[in-house]
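A, B, ... follow the sequence lines: proteins, then strands. Residue 1 opens every chain.
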Amino acid sequence: MGFRFYDTLVNEVRPFTPREEGVVRMYNCGPTVYDSQHIGNYRAATFADVLRRSLDLAGYEVHQVMNLTDVGHLTLDDIESGEDKMELAARREGRTAWEIAQAYIDEYMLVVEKMNWRRPLAYPRATDHVAEMIEITEALVASGHAYVTDAGNVYFSVASFPEYGKLSGNTVEALEAGSRVDVLDEKQHPADFALWKRDAEHQMQWDSPWGEGFPGWHIECSAMSRKYLGDELDIHTGGEDNVFPHHECEIAQSESFTGKTFVRHWMHTRHLQVDGGKMAKSDGTFITYEQVEARGHSMRALRYLLLSAHYRMPLNFTWDALAGAESVVDGLDATIRTLTSDAALAADPAVAERCAAVEAGFLAALQDDLNVSAALAHVHDLRGFVNKHGPFATADADRVRAAFAYVDELLGLDLLTQDSGADGDDAAEIDALVQERIDARASKNWARADEIRDELTGRGITVEDTPDGARWYR
RNA sequence: GGCGGCAUGGCCAAGUGGUAAGGCAACGGAUUGCAAAUCCGUGAUCCCCGGUUCGAAUCCGGGUGCCGCCUCCA
């Protein structure tokens, strides 16, 4: 069975078939780097990561690209009052737009590490691809899909693309009627959007056939996806807000330019809510990894929380929910940490059988439009099975670890490589204390035993007594 | 104002026609010197009203609430 994904274009779940067998070309709308990313942005990136990892797990060769938007992100339809996000941030922070972009890209890459998102083939920056954008814009002007105004701005003409609106369900007529923005005289239709802008105040300027200026926002994705993945993409993802106008405009540009179907499968994720309400970059109420860590939570827990809900369902972030996710991750760690094997035992056929069933069920759930919640039920089944099983034959223990490694290809929690802290500088000292406690317990000196355990606890070390002796971890 | 999505036990969250997955928390029990980890057990008729059906969380209609898009935003 192959994958089935919801396709925003047709509003239903349908079979996914890439253009080239075994290869998936996927473009993810990435961050705009004029500010820190918040956990809402993390959800979108985690969705892209889950999708990518699911395809990896199923054996596809995934050609993934995620853009970094570092220019042109302004209110395209209103040049008079519109403000470029980069320019605004530059003024706010007293730095140049270029410095702003680099600083937030650096921070984003830090989050990439923390959230354990697999790296795409490329993270192209818009400012590095202005030439490609100009190339498409020129062609669109030449073919009559775009026009140049007296002011030197270039707009795409939605009237030239009859299918405009097919992704979002908007119609050109409805957009015109519902327009809340004053129509610019220079635009032929209120829904026309900018491909190139001239603004002497703008810090970022490039030469173009229409004079110095900068590119519109939408054109970057058409240009960069084409450069790295070709004219026809298998999957294009983004947040639900990207459906309109961004992706609608990309379709118009790209398909007018190439004459081919731009994207075979459009996938969008719902926004994250916080305490039941909206969370947006423009609100100033956003939560970042810094708050999560300051509250003593791990990024693994945040990752688990964000991936545990279906991407098309609302997910309400609460600190309670994050604490719950922390418990789940701790539980998985505990199961793997306490997994024991005994070379004298004979293999139990039920182990390999159960592991295979878990893996198969896990993948099948993912193939069903990324039903991660259902997939997680299989992980918990494996966990319960292992906890109840007792010591494993060596080969069986390896099989269990392989099964956890399999699901971790998706979960990305580094389940098998958690550091127990046993190789720390003070490990020998801790071993000695643990041994002293063992002796104390043997002589029923509970006071001393508890004293030692309290001291270790204070140092962030947990001691567990088991039938096989005591063990500790940080 | 227009368009769209969602509403499942304390919390997170699957399930699109046949008598409600899974997890977290809580509580009771086992185990433990006490813990930790682990095991066993306990909870919902699915926002409200009406309809279709032998049968609905699942389909249809109405209502309420929340969210999103229409304007930069994952």
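Nucleotides B/G61 and B/U52 place their P atoms 15 Å apart, quoted to the nearest Å. Here, B/A21 and B/A57 have their C1' atoms 14 Å apart, quoted to the whole Å. Comparing B/A26 with B/A37, their P atoms are spaced 11 Å from each other, to the whole Å. With both ends at atom C1', the span from B/C6 to B/C12 equals 16 Å, rounded to whole Å. Nucleotides B/G62 and B/C67, compared at atom P, are 23 Å apart to the nearest Å. Between B/U64 and B/C48, the distance separating the two C1' atoms is 7 Å to the nearest Å. For B/U42 and B/G23, the P atoms lie 13 Å apart once the distance is rounded to whole Å. For the C1' atoms, the distance from B/G22 to B/G43 is 15 Å, rounded to whole Å.
Where A/Asn387 and A/Arg312 each meet RNA chain B at their nearest nucleotide, the meeting point lying more 5' is that of A/Arg312. Comparing A/Arg337 and A/Gly30 along RNA chain B, the residue whose closest nucleotide (by nearest heavy atom) sits nearer the 5' end is A/Arg337.
Residue A/Thr269 is classed as having no contact, given no heavy-atom separation below 4.0 Å to the nucleic acid. Counting non-hydrogen atoms under 4.0 angstrom, A/Val328 reaches the backbone sugars and phosphates but no base. Using a 4.0 Å heavy-atom distance criterion, A/Lys388 is classed as a sugar-phosphate-only contact. Residue contacts for A/Val379: at a heavy-atom cut-off of 4.0 Å it reaches no nucleic acid atom on any strand shown. Contact annotation for A/Glu464: base contact, defined as any heavy-atom pair under 4.0 Å involving a base atom.
Partner assigned to B/U19 is none, using Watson-Crick or G-U wobble distances below 3.5 angstrom. Summarising the base pairing, B/A57 is matched to no nucleotide, lacking a Watson-Crick or G-U wobble pair whose two defining distances lie under 3.5 Å. If you check B/C69 for Watson-Crick or wobble pairing at under 3.5 angstrom, you find it paired to B/G2. Summarising the base pairing, B/C47 is matched to B/G63 through a Watson-Crick or G-U wobble pair whose two defining distances lie under 3.5 Å. Base pairing of B/U38 is made with B/A30, judged by Watson-Crick or G-U wobble geometry with both donor-acceptor distances under 3.5 Å.
For the side chain to side chain donor-acceptor pair (under 3.5 Å) with A/Tyr228, the lone residue among A/His129, A/Arg25, A/Gln64 that qualifies is A/His129. Residue A/His265 forms a ring pair (Phe, Tyr, Trp, His ring centres under 6.0 Å) with just one option from A/Phe3, A/Tyr27, A/Phe16, and that option is A/Phe16. The only member of A/Tyr155, A/Phe193, A/Phe244 that meets ring pair (Phe, Tyr, Trp, His ring centres under 6.0 Å) when paired with A/His218 is A/Phe193.
Evaluation of atom-type donor-acceptor distances gives no pair under 3.5 Å for the side chain of A/Asp381 against the base of B/G22. With hydrogens and angles left out, the side chain of A/Arg453 and the base of B/A35 share a donor-acceptor pair within 3.5 Å.
Taking the side chain as every heavy atom from C-beta outward, A/Ser341 and A/Pro391 never approach each other to under 4.5 Å.
Taking atom CG of residue A/Leu9 and atom P of nucleotide B/G4, one finds them 16 Å apart after rounding to whole Å. Atom CZ of A/Arg448 and atom C1' of B/C34 are 17 Å apart (whole Å). Note: CZ (A/Phe385) to C1' (B/U38) measures 16 Å, nearest angstrom. Computed from coordinates, the A/Leu272 CG to B/G68 P distance equals 11 Å when rounded to whole Å. Atom pair A/Glu240:CD and B/C67:P shows a separation of 12 Å (rounding to whole Å applied). As rounded to whole Å, 14 Å separates atom P of B/C39 from atom NE2 of A/His389. As rounded to whole Å, 13 Å separates atom C1' of B/U16 from atom CZ of A/Arg4. To the nearest angstrom, P of B/A37 lies 18 Å from CG of A/Leu339.
Of the side-chain N and O atoms in A/Asn11, none sit less than 4.0 angstrom from OP1 or OP2 of B/G4. For the OP1/OP2 pair of B/A74 and a distance below 4.0 Å, the side-chain nitrogens and oxygens of A/Asn242 include no atom meeting the criterion. The side chain of A/Thr335 contributes no N or O atom lying less than 4.0 Å from OP1 or OP2 of B/A37. Of the side-chain N and O atoms in A/Ser168, none sit less than 4.0 angstrom from OP1 or OP2 of B/C3. Residue A/Arg383 places at least one side-chain N or O closer than 4.0 Å to OP1 or OP2 of B/C24.
In the set B/G33, B/A14, B/C24, B/A14 carries the atom at the smallest distance from any side-chain atom of A/Asn371. Nearest to the side-chain atoms of A/Arg441 among the listed nucleotides B/C66, B/C34, B/C24 stands B/C34. The side chain of A/Arg270 lies closest to B/G68 when the candidates are B/A74, B/G68, B/A36. Considering only side-chain atoms of A/Thr338, the nucleotide from B/A21, B/C69, B/A37 that sits closest is B/A37.
Classification of A/Asp465 and A/Arg441 as a salt-bridged pair holds, one side-chain N sitting under 4.0 Å from a carboxylate O. Contact check on A/Arg312 versus A/Asp369 returns a salt bridge, with a Lys/Arg side-chain nitrogen under 4.0 Å from an Asp/Glu carboxylate oxygen. Look at A/Arg270 and A/Asp241 and you find no salt bridge, because none of the NZ, NE, NH1 or NH2 atoms lies under 4.0 Å from a carboxylate O.
A donor and an acceptor atom, one from each side chain of A/His389 and A/Asp348, are located under 3.5 Å apart. Between the side chains of A/Ser168 and A/Glu248, at least one donor N or O lies within less than 3.5 Å of an accepting N or O.
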Pull out every protein N or O sitting under 3.5 Å from an N or O of nucleotides 9-13 of chain B, one pair per line with the distance.
| residue | atom | partner | partner atom | Å |
| --- | --- | --- | --- | --- |
| B/A13 | OP1 | A/Pro314 | O | 3.4 |
| B/A13 | O2' | A/Ser373 | OG | 3.0 |

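Judged by the 6.0 Å distance and 45° axis criteria, A/Arg14 is not positioned over the aromatic ring of A/Phe5.
Taking all atoms of both residues into account, the shortest heavy-atom contact from A/Leu413 to A/Asp408 is N-OD1, 2.8 Å.
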